[in-house]
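In what follows, chains carry the letters A, B, and so on, assigned in the order in which the sequence lines appear, proteins first and then strands, with residues in each chain numbered from 1. Here the structure is a predicted model, which means the values were calculated and not measured. Atoms considered below: every heavy atom in the structure, side chains included; atoms not considered: hydrogens, waters and symmetry mates.
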Number of protein chains: 2
Amino acid sequence: MPIELTASQALGLWHGVSLDQVRHDDRDLTLRQMAILLHIYLVPPPHTVRGLATELDVTKPVITRALDTMGEMGLVDRVRDASDRRNVLIKRTVGGALYLEKLGDRVREQGRKL
Amino acid sequence: MPIELTASQALGLWHGVSLDQVRHDDRDLTLRQMAILLHIYLVPPPHTVRGLATELDVTKPVITRALDTMGEMGLVDRVRDASDRRNVLIKRTVGGALYLEKLGDRVREQGRKL
DNA sequence: TGCATTCGTTACGCCACCGTTCCATTTTCC
DNA sequence: GGAAAATGGAACGGTGGCGTAACGAATGCA
């Protein structure tokens with residue numbers, strides 16, 4: 001079910017959420033990291049480093065480093081694939097789910113303010 | 001006129017726009033820079049360094065550096081205030097307007113896909 | 001069994017952003 | 001006039017992401 005937005009509403013929404021995020025969230029995720037995190041949580045698994053790299057059109061080390069950073073933040077977890085030990089499977093965590101839940105609330109709240 | 005979104009729609013929207021931005025825009029603005037840029041274009045002028053710093057709850061050099069970077073990208077311009085020469089007034093540019101127009105289109109397009 | 005391929009990671013040098021602190025200019029107020 | 005305040009910016013060391021290029025481990029295939 002599509003949502004029709006005016007140009008002004010679209011930018012206002014983005015503005016409000018960005019502002020809220022800058023003001024209240026000290027975890028300062030890059031746009032890339034944010035895209036990776038959302039991809040992990042919104043697209044059905046399994047997720048591998050290489051898969052994410054090609055899907056986001058980004059080099060592999062970018063994914064590795066993002067997983068390092070977000071792993072330390074508790075937003076994401078890594079597990080070796082048992083069936084092919086070269087692969088690493090990226091797993092979701094409670095912390096990551098909470099983080100995105102809060103982001104979703106921000107988007108919804110700003111949408112209501114339009 | 002409020003827009004009511006489900007949690008899934010909100011995150012899906014954010015995901016789609018982030019992904020599109022990562023894939024197609026090499027100008028890699030920080031979340032902070034993005035918030036500053038949107039603030040300049042969506043909130044009525046005048047805008048000063050100090051004003052933006054307090055509004056975004058950020059230190060002054062953050063604003064100065066963001067204006068440096070975005071100035072070189074042609075997204076924003078600086079002009080000395082004639083009436084109080086200590087102040088710097090931040091001005092909009094054609095480049096910045098185009099940039100945000102494209103961003104708005106992305107948001108609207110992703111909204112339509114929900 | 002060997003050898004090429006695939007996967008994730010690490011190493012390297014580079015560059016941008018960070019907060020703190022200090023500074024030059026301009027204004028205000030006595 | 002002169003001191004104090006306010007403004008934007010520069011300097012500093014630190015931190016972290018970047019792309020390129022290598023690497024070790026695991027797999028596939030002849």
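- In terms of heavy-atom proximity, B/Asp25 sits nearest to B/Arg106 at OD2-NH1, 4.1 Å.
- Under 3.5 Å, the side chain of B/Arg85 and the base of D/dG8 form no donor-acceptor pair of N or O atoms.
- Contacts of B/Gln33 with the nucleic acid, taken as non-hydrogen atoms under 4.0 Å apart, involve only primed sugar atoms and P, OP1 or OP2.
- Summarising the geometry, the separation between CZ on A/Arg50 and P on D/dA25 is reported as 20 Å, rounded to the nearest angstrom.
- In this structure, the side chain of B/His47 engages the main chain of B/Ile40 through a donor-acceptor pair within 3.5 Å.
- Residue B/Asp68 is the one, among A/Ala66 and B/Asp68, whose nearest nucleotide of DNA chain D lies closer to the 5' end (criterion: closest heavy atom).
- In the set C/dT9, D/dG9, D/dG19, D/dG9 carries the atom at the smallest distance from any side-chain atom of B/Lys60.
- At a threshold of 4.0 angstrom between heavy atoms, the contacts of A/Arg65 include nucleobase atoms, whether or not backbone atoms are also involved.
- Neither OP1 nor OP2 of C/dG8 sits under 4.0 Å from any side-chain N or O of A/Arg86.
- Residue B/Thr48 has no polar side-chain atom (N or O) positioned under 4.0 Å from OP1 or OP2 of D/dT7.
- Counting any heavy atom pair closer than 4.0 Å across all strands shown, A/Asp84 reaches sugar-phosphate atoms only and no base atom.
- Atom CG in B/Leu67 sits roughly 15 Å away from atom C1' in C/dA16 (whole-Å rounding).
- Among A/Leu19, A/Val17, A/Leu11, A/Leu13, the single residue meeting the side chain to side chain contact (heavy atoms under 4.5 Å, CB included) criterion with A/His15 is A/Leu19.
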